[in-house]
Q: 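Have a look at this one.
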2 protein chains.
Amino acid sequence: MCGNGKNCIFGNPKIIDTFVPLYIRAAVARFIMHEGNKVTINDVAKAAGVSKGTVDRVLHDRGEVSAKSKEKILKVIAELGYRPNFYASILASKKNYLISCIIPEFNDGEFWELTEKGIDQGKEYSGRFGISIEPVMYDQYDLESFQRACAKVLASEPSGVVIAPMFRNETLKFVKELSDRNVPYVYIDSKLEDDGYLAYYGMPMYQSGYLCADILTDGHPVRKVHIIRIARDKRGLSDPTVTRRTGLIDYISEHYPDCVIENTFIDPKDKAARYGKLDELFRNDPDPWKYIVMCNSRVHFVADYLRDRNIRTCRVIGFDVLEKNLSALRDGYVQALIAQHSDRQAAAAITALTDYLILHEGPAKKDNYTQMDILNRYNCDYYI
Amino acid sequence: MCGNGKNCIFGNPKIIDTFVPLYIRAAVARFIMHEGNKVTINDVAKAAGVSKGTVDRVLHDRGEVSAKSKEKILKVIAELGYRPNFYASILASKKNYLISCIIPEFNDGEFWELTEKGIDQGKEYSGRFGISIEPVMYDQYDLESFQRACAKVLASEPSGVVIAPMFRNETLKFVKELSDRNVPYVYIDSKLEDDGYLAYYGMPMYQSGYLCADILTDGHPVRKVHIIRIARDKRGLSDPTVTRRTGLIDYISEHYPDCVIENTFIDPKDKAARYGKLDELFRNDPDPWKYIVMCNSRVHFVADYLRDRNIRTCRVIGFDVLEKNLSALRDGYVQALIAQHSDRQAAAAITALTDYLILHEGPAKKDNYTQMDILNRYNCDYYI
DNA sequence: TTTAATACCGTGTGCGGTAACGGAAAAAAT
DNA sequence: ATTTTTTCCGTTACCGCACACGGTATTAAA
């Protein structure tokens, strides 16, 4: 295994750039690992007329190699299509890689629980390669908590980081530090506008809103759409659902120019206040048939209300497969959920980092938008 | 790595059963690999007062070990929670595992192409563990071709088999032979009623038909549903879409008892005849608004017709994400597609076999029903 | 010119297994 | 009692790589 990504020729394209002409680089790239690759470090050494120790020094860019030898060795490596055997590599090196995962903390049944499950899945994969995973949680409503999490991660000197960002500026500061330290990082859920990240796995938020509106309206003569929102303190927050709401609103104004969009803010912690707000909504909207949307994962708040009030004259669309949302879907208080496999996002992030650390291969695509799954009562039970 | 699954103590619970009491087995099971597990074969040897050669013989049940030593060693293994390091194992053993994948052959853009892609994905995973993959295709309309494929696979003596069955009896005969040889096999797409398989990955066919009907009717006052079917020769064939059609019909008769279901058979190879049939359909149905379904992946046949005839007064639902189906969806000739990730099914099958061969761990669940994805024009572009 | 410093490079050991080999002890045959 | 066979087990040589170590040219300092 390569000692550290930033010096290894397999990890750092710049180094290979310096020494290897394009056509050979192509050969290297073309080379497919594991496929009867019987070229060993000894073959390379022999072909280059040096010892394997020297080849190893080149491979890991540990220096103490003359420019001439280095060039020759790199050439031979390319020509022979040598790739280190990573079983032997892992076996011989006693390195301990660590990937830290920074995500919001959560209660049972909440959105981020699924992400944590994905982390466990990813752990299973990375564990095979001797890479350990450390989840680090923060309170998504508390900036300082996020700062503490970042500091903790930096202190543990991880080899890679997975991060679900919520605080824009602080995150940018943090990833800047990671870049300086040459620690690869992967965004999940949402990403920021820097571009030093190794990969991003998340939902296309704007399109999810657009899709949501399409399912909500579904050709009906819709005259008013209610967006239920969570009243939250938002200093420094980068709420990804804003983008989703934009997509939703755009669809409405394109397809239903006369449709009114009404925002209702509810309090997640105060049931009475919540019910009051919703009562008000129902009182004020003369249309017997209501169109209701929530852009975050909390549509079960609406469903609970409808259930309690025994109201069935609504078309309600929400997001994400929380257990509460699913039961609302099954009971018919929510007509559809738009879901994403946020567990797969987390798992993919870890897989990408693992492959990067072990195989020195970046992911095929940098930005990976996960599919938007439409769930109704007939297919939700097969949604894992 | 374990020499062969049937003798290896990690592969065969029976052997462990014989020698290790329950509470120790629990300890073994609890043991988590890779997590700072520093117990090596030498530790075991030392603790058992034998050489590592003897331990190795026990591990692989190669015999030439006294009952007493064996017992002692197994006890120590359990107590210490020893698990072989599979890097070292793979490195040291020059074994060549082979997984054969038997699937129908296909032309570009057809259903099984996606499955083949999944095989490639799986190959990437299995390749990491020195396991090679051999796809073997057969003509799904030609029994003898299937028999040839099976014979070929048996001749290559694979360590594991992935199979997408189409011919019921022949497949049962084939998997019986695999069982006798102690070769694990995994079903994809559909499965048969034997239960010797290691795992199954596929879509819940009945439910997919049910779901399809729900999306097709969607609350409309539907009085007639047209099922377009492919006229095919079907001796000995086990067509999985039959089940799907059943689900479809059941939904209709439950929700629309007065609705008429009409079957129209078209010829995939004869365009003129096909158009003739569809012209006839449109001529005979007085309702201006038609509800059309195809239960296989060929809904693009209908879409092409509608495009050519410039007909837009249909609600058309189909299955699977062929490129032709997608463009029909985008152009509005098909309203929705119900899709499955058949690539993931294949990849999961290979992964399961790989883990079984390398780690001696069966999959968490034997029957794995993949989710049913509802695709419309707004989310299909994010479907990978 | 001698010596010290530096730049380069080969050798060797070990990581945790696998499996062939050969030998000692026990059992069986003579 | 001796020989032969069988049973059982330790030794040893890898597998491909990482890395410490020590050595030899080469260059700089004295």
Side-chain angles (χ1 to χ4, degrees), chain A residues 1-4 7-10 33-34 36-46 48-73 77 80 82-97 129-130 358-360, chain B residues 1-4 7-10 33-34 36-46 48-73 77 80 82-97 129-130 358-360:
Chain A
M1 189 184 307
C2 181
N4 79 32
N7 290 329
C8 170
I9 68 157
F10 291 101
M33 203 167 190
H34 336 292
N37 169 21
K38 292 291 151 214
V39 185
T40 73
I41 197 171
N42 280 309
D43 300 328
V44 173
K46 216 168 289 172
V50 294
S51 77
K52 63 174 186 166
T54 307
V55 175
D56 186 66
R57 272 185 287 270
V58 171
L59 289 178
H60 301 86
D61 205 50
R62 285 209 306 273
E64 310 196 359
V65 181
S66 67
K68 208 195 318 171
S69 300
K70 187 166 182 175
E71 193 178 0
K72 183 72 200 289
I73 289 169
I77 286 177
L80 267 50
Y82 166 76
R83 298 234 58 180
N85 176 318
F86 67 82
Y87 303 114
S89 193
I90 290 172
L91 192 59
S93 90
K94 315 261 91 225
K95 287 254 159 39
N96 282 323
Y97 286 109
F129 302 94
I358 303 288
L359 270 37
H360 314 294
Chain B
M1 188 183 314
C2 181
N4 78 32
N7 290 330
C8 170
I9 68 155
F10 290 102
M33 204 168 191
H34 334 292
N37 170 20
K38 291 294 152 212
V39 184
T40 75
I41 196 171
N42 280 310
D43 299 329
V44 173
K46 214 168 291 170
V50 296
S51 75
K52 63 174 183 172
T54 306
V55 176
D56 188 65
R57 271 185 290 269
V58 170
L59 289 179
H60 301 87
D61 206 49
R62 286 208 308 274
E64 309 198 358
V65 180
S66 67
K68 206 197 318 173
S69 301
K70 186 165 180 175
E71 192 178 1
K72 184 71 198 290
I73 289 169
I77 285 177
L80 267 50
Y82 165 77
R83 297 231 59 178
N85 176 320
F86 66 81
Y87 300 112
S89 193
I90 291 171
L91 190 61
S93 87
K94 311 266 91 218
K95 288 255 159 42
N96 282 324
Y97 285 110
F129 302 94
I358 303 287
L359 270 36
H360 315 295

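Labels below follow one simple rule: chain letters A, B, ... track the order of the sequence lines, proteins then strands, and each chain is numbered from 1. All values derive from a computational prediction rather than experimental measurement. Just so you know, these numbers use all the heavy atoms, side chains as well, and skip hydrogens, waters and symmetry mates.
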Q: Between Ile41(A) and Leu59(A), is there a side-chain heavy-atom distance shorter than 4.5 Å?
A: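 A side-chain contact exists here, since the closest heavy-atom pair is under 4.5 Å.
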Q: Give the rounded distance in Å between these two atoms: CG of Leu59(A) and P of dC19(D).
A: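 About 11 Å, once rounded to whole Å.
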Q: With side chains defined as the heavy atoms from C-beta onward, is the minimum distance between Val50(B) and Val55(B) less than 4.5 Å?
A: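 When only atoms from C-beta onward are counted, Val55(B) and Val50(B) do touch, with a gap below 4.5 Å.
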Q: In whole Å, I'd like the distance from the CD atom of Glu71(A) to the P atom of dC8(C).
A: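 Computing the Glu71(A):CD to dC8(C):P distance gives 14 Å.
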Q: Looking at every heavy atom in both Val39(B) and Leu80(B), which two are closest together, and how far apart are they?
A: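 Val39(B) and Leu80(B) have their closest heavy atoms at CG2-O, 3.5 Å.
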Q: Enumerate all atom pairs, one protein N or O and one N or O from nucleotides 9-15 of chain C, separated by less than 3.5 Å.
A:
{"residue": "dC9(C)", "atom": "OP1", "partner": "Ser66(A)", "partner atom": "OG", "Å": "3.1"}
{"residue": "dC9(C)", "atom": "OP1", "partner": "Ser69(A)", "partner atom": "OG", "Å": "2.6"}
{"residue": "dC9(C)", "atom": "OP2", "partner": "Ser66(A)", "partner atom": "N", "Å": "2.8"}
{"residue": "dC9(C)", "atom": "OP2", "partner": "Ser66(A)", "partner atom": "OG", "Å": "3.4"}
{"residue": "dC9(C)", "atom": "OP2", "partner": "Ser69(A)", "partner atom": "OG", "Å": "3.4"}
{"residue": "dC9(C)", "atom": "N4", "partner": "Glu64(A)", "partner atom": "OE1", "Å": "3.1"}
{"residue": "dG10(C)", "atom": "OP1", "partner": "Ser51(A)", "partner atom": "N", "Å": "3.4"}
{"residue": "dG10(C)", "atom": "OP2", "partner": "Ser51(A)", "partner atom": "N", "Å": "2.7"}
{"residue": "dG10(C)", "atom": "OP2", "partner": "Ser51(A)", "partner atom": "OG", "Å": "2.8"}
{"residue": "dG10(C)", "atom": "OP2", "partner": "Thr54(A)", "partner atom": "OG1", "Å": "2.5"}
{"residue": "dG10(C)", "atom": "O5'", "partner": "Ser51(A)", "partner atom": "OG", "Å": "3.4"}
{"residue": "dG10(C)", "atom": "N7", "partner": "Arg57(A)", "partner atom": "NH2", "Å": "3.0"}
{"residue": "dG10(C)", "atom": "O6", "partner": "Arg57(A)", "partner atom": "NH1", "Å": "2.9"}

Q: Please state how far atom CG in Asn85(B) lies from atom C1' in dC15(D), giving the value in whole angstrom units.
A: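 About 13 Å, once rounded to whole Å.
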Q: What is the distance from NE2 of His60(A) to C1' of dA20(D), rounded to the nearest Å?
A: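 After rounding, the gap between these two atoms is 14 Å.
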Q: For the helix from dT1(C)-dA30(D) to dT30(C)-dA1(D), measure the angle between the helix axis at one end and the axis at the other, each built from five pairs, rounding to 10°.
A: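 It comes to 50° between the two terminal axes.
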Q: Using atom CG of Asp56(B) as one end and atom C1' of dA19(C) as the other, report the distance to the nearest whole Å.
A: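 Rounded to the whole Å, the gap is 7 Å.
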Q: Below 4.5 Å, heavy atoms only, C-beta onward: do Val44(A) and Ile73(A) meet side chain to side chain?
A: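 Yes, their side chains come closer than 4.5 Å.
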Q: Rounded to whole Å, please give me the gap between CZ in Arg62(A) and C1' in dC21(D).
A: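 Roughly 12 Å, once rounded to whole Å.
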Q: If I compare all heavy atoms of Asn42(A) with all of Lys52(A), which pair ends up nearest, and what's the gap?
A: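 It is OD1-CD, 3.5 Å.
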Q: From Arg57(B) CZ over to Ser51(B) OG, what is the distance, rounded to the nearest 0.5 angstrom?
A: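 The CZ atom of Arg57(B) sits 6.0 Å away from the OG atom of Ser51(B).
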Q: For a quick test of reading the model, state the closest non-hydrogen atom pair linking Val65(A) to Ser69(A) and the distance between them.
A: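 Reported closest heavy-atom pair: CG1-CB, 3.8 Å.
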Q: Calculate, to the nearest 0.5 Å, the distance between atoms OG1 and CD belonging to Thr54(B) and Glu64(B) respectively.
A: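 Going from OG1 on Thr54(B) over to CD on Glu64(B), the span is 10.0 Å.
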Q: Within this structure, what is the CZ-to-P distance between Arg83(A) and dC17(D), rounded to whole angstrom?
A: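 One finds 12 Å between P of dC17(D) and CZ of Arg83(A), rounded.
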Q: Kindly compute the distance separating CD1 (Ile90(A)) from CD1 (Ile358(A)), expressed to the nearest 0.5 Å.
A: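 Answer for the CD1-CD1 pair, Ile90(A) versus Ile358(A), is 4.5 Å.
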Q: Roughly, in whole Å, what's the span from CD1 in Ile358(B) to P in dG17(C)?
A: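 Nearest whole value for this atom pair: 15 Å.
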